[in-house]
Structures are given as structure tokens and as C-alpha cells.
Protein chains: 2
Amino acid sequence: MSLKHGLLGFLNYGDMTGYELNKAFKDSLNFFWPAHASQIYRDLAAMEKKEWLTSRRIMQEDKPNKRLYSITDDGKDELNKWLTLRNGDEGVCTRDAFLVKVFFSGEKTIDENIKMFEDYRDNCQKALNMRAKIDNNIDEYKKDIVDAQKAFYWMATAQYGSHHYSMCIAWANEMIEKMEAMR
Amino acid sequence: MSLKHGLLGFLNYGDMTGYELNKAFKDSLNFFWPAHASQIYRDLAAMEKKEWLTSRRIMQEDKPNKRLYSITDDGKDELNKWLTLRNGDEGVCTRDAFLVKVFFSGEKTIDENIKMFEDYRDNCQKALNMRAKIDNNIDEYKKDIVDAQKAFYWMATAQYGSHHYSMCIAWANEMIEKMEAMR
DNA sequence: TGGGTCATGTAACCTGTTACATGATTAG
DNA sequence: CTAATCATGTAACAGGTTACATGACCCA
């Protein structure tokens, strides 16, 4: 997986510009796969060279001109190849800088660490609250791209998000409690 | 965070070779921060240039010669800077390719997706079982580096791992159940 | 005699991050 | 008046992945 597959996924729903793709990522996948606009534009250009996409310029008068991308048959093949590819450790092994930091936090005082965990918990709580927004976004998109099938998998990822943050909050609270007992 | 900080963390416990660092990663942090041996050696060289480390060659007769790294005061400063740096979204936003795949899985048949989730669940189960091993490793290291303080934070990350995989398994089962009802 | 452990690296490549640049229109 | 939206990109850099190379010793 790389950003390219995410872009192919969206373009498979219909033609989009880099700007729109950037928004689509922010509105839905951002929690699982953050993307910078600059990378989106760069990868779109690279994918056009590979002939996974074609593009055409759309002239506009009151707004800047834009470039609309369409997925090709090669692009669809690539997307399906990725979708049906069996996952090895994908999803099972997650890179998480916070956990590494925790691992080495024996160097710090308990009070510092309690604060670090409280911060973390609060950030998770904020993220959990924001999930409600994401669910709204999915509901809105649902109206445009009417397809109960698709919507189910969007909801599945949203569900994961909620479970994930709840778990993190519970874990942080457990650890804070233990640290307070140690103090 | 980058691999460099993880390496500094271990070297702060005592001098180590690239080979030993590679094993230390595999035995403990692998689930949160997988590292390739080639990157470890490359980053060690880069860190020596920055004077975060010094190294000396150890000659051996029946085994290949090796290079032992020691952390410098600059290296310790860098480590502490990172450890005490306030986390923004670190830990809150996790990159997870499997979730992206799920998001776009409306393109596939329900049967294919059930299989995908079953695979995922089984991988998580395997990972969960392997956590027992990690716990053993931590117990062993505990004897060498006797420090209850440190051990607590190692256990905290291990706890996270168990919680994480249990949550993933539960989520996958929920989704499989729903998909089976849709079939 | 084949595979695991010990031990270190190089090179090429791919992917992601940060900083910068431009400039019109529109809503508060 | 000022901030947001629309819209696209370049350049440099940092970090991670894959493939390859070497070679001895030891255990089954």
C-alpha cells in the first residue's frame, strides 16, 4: 500500500481533481492514512506517467483552472490487484511512535509520565469526539454515491476508529492509575 | 520520532553493536516499530557523524569482528529532548494500510471480504499469542537491567499490544457477523 | 551437507515531510 | 479588512524498503 492505491480507490468512484482528492482524504481516511497535498499532486503526475490515469485541464473564469483525473483500465487492474492481494502483516503491525516513547520513559519521573499519559488520553478523547463528524461525512457521501455495499465498509472503518480510541483511553487510564499508586 | 531515537534509547542502557540492536528491536519494539538491519547500520553511521555516538571495533577470532557503539552526551541530550517533547498527534493518528483496504472493499464480493476479515482476525490472534513471548523477553531483560521503573513502561507497551489485538479480533468478528447477515 | 547464528554493510529506490510560491474571489 | 476557499505545483530533504554481497563457524 501507498498513497497511490488510496487515490486509485477514490478515482474509481469517479473523476476528481487533486484538490478534491485532498479533501476526500481529509474527510475520511485521514485517521488511517494522512496525506499531504504536495504528495497527492506528485503521485498523480507519476501515476499518469504509468498510465494508471489520464487527465485533462478544465478552464474556469472566476476560479483557478483545474486538472481532472480519470482512472484507466490499467489503473483499475492495479487497484483490484491491491484490493485482492492477501495481507501479510498489513494491519497487524502498526508503527506507533508514542508506544516507542512509552517504552523508553523509565528515564523520566513518574509525574512527567502521568502528564504524558493524560495528554495522550485527552488527545484520544478529542479524536473520538471528532469521529462523530466523520460519520456525518460518510452519511453525506452516501447520498451522492448511493451504494449500501460501499457504505458498509466505510462504516466498518469508522467503527474501528471508535473502538481504537476507546481502547486507548481505557489503557491510558489503567496506566495512570498504576502510576499514581507508584508515586 | 524516527528509528534513530529508538536506537538512542537502547544505547542509553549500555553499549551495543548493530547486530544486538537489531535483535533488541525484534524482541521488543517490533510490533510498534519494525526496523530493517540495513537501516540500523545506516542510521548508526549517520548518528556517529552527528556525534550522538562513538564506536570502536572489537576484534574476534572465531566470529566476525564487530563494532560497538556508545552514546555520547549529545546523544543523551537528543534522547531526552525527544522523550520530553510534547506529543501532538503522535500516537493518535496511526497509519494503517488494512483500514484503507477495508474502506475500498465495496468493490469486492461479500465472500471475498469475509475471507479477508477472517484472515486478518487470525493474524491478530497469532500476534496476540506471540505477545506471551514478548512478555517473557521483557522478564529476561528485567533480570539483566534490574530496574522496576523501566520494567513498568515495558509492561505498559506490552499491555497496549494485548488490548490492541483483542480489540481488533472483536471488531473483525463483529464485521464478519454483519457480513454474514448480508449475504 | 544444509541451515542457523554471527556480523556488517552498499546501492538503488520508493514514500513521506517541510517549506515555499502564486493569486483571484468571496463571506463575515 | 482579513481569513477562508479554490487550485496547482516545485525542490530539498528525511526516512523506510528491497536486493545484494561476504564468509566463517557450528549443529544435526
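Computed from a prediction, not measured in an experiment: that's the story for all the values here. Lettering of chains follows the sequences in order, A, B, ..., and the numbering in each one begins at 1.
- If you chain together hydrophobic residues whose side chains sit under 4.5 Å apart, A:Leu79 and A:Phe32 fall into the same group.
- When rounded to the nearest whole Å, the span between CD of A:Gln39 and C1' of D:dA12 equals 15 Å.
- The residue among A:Lys66 and A:Ser38 whose nearest nucleotide of DNA chain D is located toward the 5' end is A:Lys66.
- No side-chain donor-acceptor contact under 3.5 Å links B:Asn173 and B:Glu177.
- Where B:Tyr69 and A:Pro64 meet DNA chain C, the nucleotide closest to each residue was compared, and B:Tyr69 sits on the side nearer the 5' end.
- Taking atom CE of residue B:Met16 and atom P of nucleotide C:dT8, one finds them 11 Å apart after rounding to whole Å.
- Residue B:Gln60 contributes atom CD, which lies 13 Å from atom P of D:dC25 at whole-angstrom precision.
- A:Arg67 comes within contact range of the sugar-phosphate backbone alone, with a heavy-atom separation under 4.0 Å but no base atom that close.
- When each of A:Arg42 and B:Gly18 is assigned the nucleotide of DNA chain C with its nearest heavy atom, B:Gly18 is the one assigned upstream, toward the 5' end.
- Between A:Phe104 and B:Leu83 there is a side-chain heavy-atom pair separated by less than 4.5 Å.
- When heavy atoms are screened at a 4.0 angstrom cut-off, B:Asn65 is found touching the sugar-phosphate backbone but no base atom.
- Atom pair B:Lys63:NZ and D:dC27:C1' shows a separation of 15 Å (rounding to whole Å applied).
- In summary, the side chains of A:Ser55 and A:Glu48 do present a donor paired with an acceptor at a separation below 3.5 Å, with no hydrogens or angles considered.
- Of the candidate nucleotides D:dC6, C:dT15, C:dT25, C:dT25 has the atom lying nearest to any side-chain atom of A:Asp62.
- Under the 3.5 Å distance criterion, with hydrogens and angles disregarded, no donor-acceptor pair is assigned to the side chains of A:Ser162 and A:Gln159.
- Put simply, NE2 on A:His36 is 11 Å from C1' on C:dT15, counting in whole angstrom units.
- Counting to the nearest Å, the P atom of C:dT8 and the CD1 atom of B:Ile58 are 10 Å from each other.
- Atom NZ in A:Lys50 sits about 7 Å away from atom P in C:dC14, given to the nearest Å.
- Whole-Å rounding puts the A:Phe25 CZ to C:dT17 P distance at 12 Å.
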